[in-house]
Amino acid sequence: MAKFVFRLQTYLNIKEQLEEQKKNEYGAALKKLEDERERKRKLEHELGDNIDMFQHTLRTAIAIVEIRRYNSRIELLKTWIVEQDERIKSAERFAEQKRLELVEAMKEKKALETVKERNYEEYLIEENHAEQITVDGIVSYKYSTAEG
């Protein structure tokens, strides 16, 4: 029985490597997205803390300089949060792009695997047919020599 050789195996190997690379890229994009979300959570937490401290300070005697300092810090944090929202949206778009690339790579690999499976099934049919011809030849030979 001859060994099955898929003539596109090298191409399939490349597609498998490409899929693995796309998985890694997608994972990195998801990690970056989560990091951006975590930064926003920290900024929001810091903003909340600053507002609480400002409200607490307002209950006591406070200088105008302190009020301005708190207001400046709070406004700065709000600006950073808005900027962080933009970074998150950008990271989401990038992650979606990487997901689509991964899906495409998976489809391409799956198509080649399907071709390989069909080729292997055809190979098995041909091998069974060749084996049957060999068996028929042996039986015919034994039958003809037994009568002769």
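Index from 1, following the sequence. When reading the values below, keep in mind they use all heavy atoms of this one structure, side chains included, and skip hydrogens, waters and symmetry mates.
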Begin from the C-alpha positions of K109 and E16 and carry the test salt bridge (charged side-chain N to carboxylate O under 4.0 Å, His left out) through to its verdict.
CA-CA 6 Å; K109 184 188 92 170; E16 288 172 347; 5.3 Å; no
Are N13 and Q9 close enough, and set up right, to give a side-chain hydrogen bond (donor to acceptor under 3.5 Å, both in side chains), and what steps lead you there?
CA-CA 6 Å; N13 292 345; Q9 186 62 46; 2.8 Å; yes
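- Salt-bridge check for R87 with E92: failed, with every basic side-chain N at 4.0 Å or more from each acidic carboxylate O.
- The two residues L47 and I81 come nearest to each other via the heavy atoms CD2-CD1, 3.8 Å.
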Using the rule given for salt bridge (charged side-chain N to carboxylate O under 4.0 Å, His left out), can you reason through E46 versus K42, listing the C-alpha separation, both sets of side-chain angles and the distance that settles it, and then say yes or no?
CA-CA 6 Å; E46 186 178 344; K42 287 179 181 179; over 6 Å; no
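- Applying the 6.0 Å contact sphere to CD1 of I64 captures no more than 12 heavy atoms from other residues, nucleotides or ligands.
- Inter-residue side-chain proximity for M53 and Y70 is flagged as met; some heavy-atom pair is nearer than 4.5 Å.
- Considering all non-hydrogen atoms of both residues, T60 and T57 come closest at OG1-O, 2.8 Å.
- The pair E75-K78 meets the salt-bridge criterion, since a charged nitrogen lies less than 4.0 angstrom from a carboxylate oxygen.
- Summarising the local packing, CZ of F4 is surrounded by more than 12 heavy atoms from other residues, nucleotides or ligands at distances under 6.0 Å.
- Judged by distance alone, with hydrogens and angles left aside, the side-chain atoms of S90 form no donor-acceptor pair with the main-chain N or O of E86 at under 3.5 Å.
- Between K22 and E101, at least one side-chain nitrogen of the basic residue sits less than 4.0 Å from a carboxylate oxygen of the acidic one, meeting the salt-bridge criterion.
- A salt bridge is absent between R118 and E122; no separation between the charged side-chain nitrogens and carboxylate oxygens falls under 4.0 Å.
- A salt bridge is defined here as a Lys NZ or Arg NE, NH1 or NH2 lying under 4.0 Å from an Asp or Glu carboxylate O, and R93 with E96 fails to meet this definition.
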Working for side-chain contact (heavy atoms from CB on, under 4.5 Å), residues Q55 and I51:
CA-CA 6 Å; Q55 289 173 344; I51 290 172; 3.8 Å; yes
Between Q17 and Q21, is the side-chain contact (heavy atoms from CB on, under 4.5 Å) condition met? List the steps.
CA-CA 6 Å; Q17 290 172 354; Q21 176 186 348; over 6 Å; no
With side-chain hydrogen bond (donor to acceptor under 3.5 Å, both in side chains) as the test, would you mind laying out the steps for D52 and H56 before giving the verdict?
CA-CA 6 Å; D52 289 345; H56 176 72; over 6 Å; no
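- Note on M106: it clusters hydrophobically with Y26, by side-chain heavy-atom contacts below 4.5 Å among ILVMFWY residues.
- With respect to R39 and E36, a salt bridge is recorded, a charged nitrogen being found less than 4.0 Å from a carboxylate O.
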Can you list the steps and then say if E20 with N24 is a side-chain contact (heavy atoms from CB on, under 4.5 Å)?
CA-CA 6 Å; E20 193 61 34; N24 292 337; 4.1 Å; yes
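- Side-chain contact check for F6 versus V115: some heavy-atom pair is nearer than 4.5 Å.
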